Amino acid sequence: MPELPEVETVRRGLQPFLSGARIRKVDLRRPDLRFPLPPDFARRLTGASVDALGRRGKYLFATLSTGETLIMHLGMSGRFTVTGAAVRRQPGEFHFAGSTDPAHDHVAIDVTGPQGPARVTYNDPRRFGFMDLEDTMTLDRSRHFAGMGPEPFDEGFTAASLKASLTGRKAPLKAALLDQAVVAGLGNIYVCEALWRSGLSPRRQAGRLSVASAGRLHAAIRSVLEDAIEAGGSSLRDFASADGALGYFQHRFSVYDREGEPCLRCGAPVRRFTQGGRSSFACTKCQK
DNA sequence: CGATTAACCTGGAAGC
DNA sequence: TGCTTCCAGGTTAATC
């Protein structure tokens with residue numbers, strides 16, 4: 001589910017509980033999420049302090065005092081919730097206070113932090129998310145981060161660099177922008193929204209952008225992500241930040257999930273079509 | 001090498 | 001009500 005704004009919202013929600021906290025206990029309900037958890041996962045976390053909570057693209061990561069970094073990806077349906085102190089547990093069975101979906105609570109991390117004791121629970125019905133441990137020193141070269149494109153808000157991400165990374169690409173803009181090697185953090189929603197803001201068709205060949213179009217696209221990517229972060233992300237279904245608050249950017253979608261509704265710029269109906277097996281939404285009248 | 005498709009997994013909504 | 005089909009915010013191995 002979550003794209004950059006949602007992951008950033010989660011990061012900000014978890015930070016007060018995790019940053020500076022010591023990990024007391026890690027409970028695993030199953031040995032794998034999308035992939036097997038790394039060997040001795042719980043043991044390598046237990047006793048560690050969290051130095052900082054960061055984000056790279058759609059990845060969340062916690063830098064630990066042990067020299068390792070806990071890498072987390074929420075996949076399509078992953079979410080974190082924070083609850084108070086651990087409650088009673090029956091043998092062989094998990095139950096977390098306040099959980100509305102214990103069947104998909106896969107990992108629970110008990111911490112003592114600046115806010116006192118807390119339990120951070122990872123819930124993920126579809127289990128497309130995953131966690132891993134990597135050496136902090138080589139994090140940027142780790143299998144998850146190597147080859148990832150620039151952060152949208154980094155200085156290194158410019159209209160010129162965007163145009164350069166798209167040069168030679170024959171794929172449509174939609175597919176190219178979903179490629180995390182071009183720019184990190186965009187997913188289906190924000191690609192659709194950024195293309196609408198820049199007046200470009202998702203079907204446009206990525207390698208054939210003018211300098212002016214690349215400039216508009218670059219600005220649109222930053223502005224839509226910025227607006228979405230400010231809104232606390234988008235809450236499709238029931239996505240919530242770690243403090244339980246719902247993001248509200250979904251109410252500001254210009255095209256995503258607005259098939260048949262009028263384009264906010266020209267009034268023509270928003271169209272939905274499939275690209276690479278996924279829905280694209282666009283105004284075919286004013287997005288060229 | 002780049003582009004496209006299928007698969008991973010589950011639940012909710014829509015259709016009959 | 002119950003069954004079937006489609007769809008979903010991501011990533012990636014396999015295939016073209």
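Every chain is numbered from 1 and lettered A, B, ... according to where its sequence line falls, protein lines coming before strand lines. In this text, all values refer to a predicted model and were calculated from it rather than measured experimentally. Computed from heavy atoms alone, side chains included, the values below leave out hydrogens, waters and symmetry copies.
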Just to be sure I understand the geometry, which residues of residues 176-187 of chain A put a non-hydrogen atom under 4.0 Å away from DNA chain C? A/Q180, A/G187
Where does DNA chain B form stems of at least three consecutive Watson-Crick or G-U wobble pairs, each pair having both distances below 3.5 Å? B:2-8 with C:10-16, B:10-16 with C:2-8
How long is the line joining CZ of A/F253 and P of C/dA8, in whole Å? 13 Å
What is the minimum heavy-atom distance between A/D105 and A/R29, and which atoms define it? O-CD, 3.5 Å
Say you pick atom P in C/dA14 and the same atom in B/dC9; how far apart are they, in whole Å? 15 Å
With rounding to the closest Å, how many angstrom separate the P atoms on B/dT5 and C/dC7? 15 Å
N or O in side chain of A/H144 less than 4.0 angstrom from C/dT11 OP1/OP2: no
Measure from the side-chain N and O atoms of A/S77 to the backbone N and O of A/R126, and report whether any donor-acceptor pair falls under 3.5 Å. yes
Would A/F128 pass as stacked on C/dT11, i.e. its ring centre under 5.5 Å from the base's six-membered ring centre and planes under 30° apart? no
Return the nearest nucleotide to the side chain of A/H73; candidates are B/dA3, B/dC9, C/dG10. C/dG10
Quickly work out the A/N188 CG to C/dA8 P distance and round it to whole Å. 8 Å
Separation of A/H106 atom NE2 from B/dC9 atom P, in whole Å? 12 Å
Counting any heavy atom closer than 4.0 Å, what does A/R143 reach on the DNA or RNA strands: base, sugar-phosphate only, or nothing? nothing
Output for pair (A/L166 CG, A/R204 CZ), nearest 0.5 Å, gives 11.0 Å
Separation between CG (A/L186) and SG (A/C192), nearest 0.5 Å, reads 10.5 Å
A/A48 and A/T66 have their tightest heavy-atom pair at CB-CG2, 3.7 Å
Measure the distance from NZ on A/K170 to P on C/dC16 and round it to the nearest whole Å. 18 Å
Side-chain N,O (A/R272) to OP1/OP2 (C/dA8) below 4.0 Å: yes
Does the plane of the ring in A/Y59 sit parallel, tilted or perpendicular to the ring in A/F130? Use 30° and 60° as the thresholds. perpendicular
Which is true for A/R127 with a 4.0 Å heavy-atom rule: it touches a base, it touches only sugar-phosphate, or it touches nothing? sugar-phosphate
At a heavy-atom distance below 4.0 Å, what parts of residues 273-283 of chain A sit against DNA chain C? A/R278, A/S279
Please determine if a side-chain N or O atom of A/Y256 lies less than 4.0 Å away from the OP1 or OP2 oxygen of C/dG9. yes
Using whole Å, what does the distance between atom P of nucleotide B/dC8 and atom CZ of A/R30 come to? 15 Å
Could you tell me whether A/R34 contacts a base, only the sugar-phosphate backbone, or nothing, with contacts defined as non-hydrogen atoms closer than 4.0 Å? base
Side chains of A/T69 and A/T136 only: does a donor on one sit below 3.5 Å from an acceptor on the other? yes
Indicate, with yes or no, if the rings of A/F35 and A/H73 have centres closer together than 6.0 Å. no
If you take all heavy atoms of A/C283 and A/V255, which pair is closest and at what distance? N-CG1, 4.2 Å
For A/P172, is there any backbone N or O sitting under 3.5 Å from a side-chain donor or acceptor partner on A/Q205? no
Face-on cation placement of A/R197 at A/Y190 ring, 6.0 Å and 45° thresholds: no
Expressed in angstrom and rounded to an integer, what is the separation of A/R79 atom CZ from C/dA8 atom P? 17 Å
Measure from CG on A/D124 to P on B/dT10 and round the result to the nearest Å. 10 Å
When the distance from CG of A/D132 to P of C/dT11 is rounded to whole Å, what number comes out? 15 Å
Establish, for the pair A/R258 and A/W196, whether the NZ or CZ atom is under 6.0 angstrom from the six-membered ring centre and no further than 45 degrees off its axis. no
With a 6.0 Å cut-off (strictly less than), is the heavy-atom count around CZ of A/R208, excluding the residue itself, greater than 12? no
Quick note, A/R126 side chain, CB onward, closest among B/dC8, B/dC9, C/dG9 is B/dC9
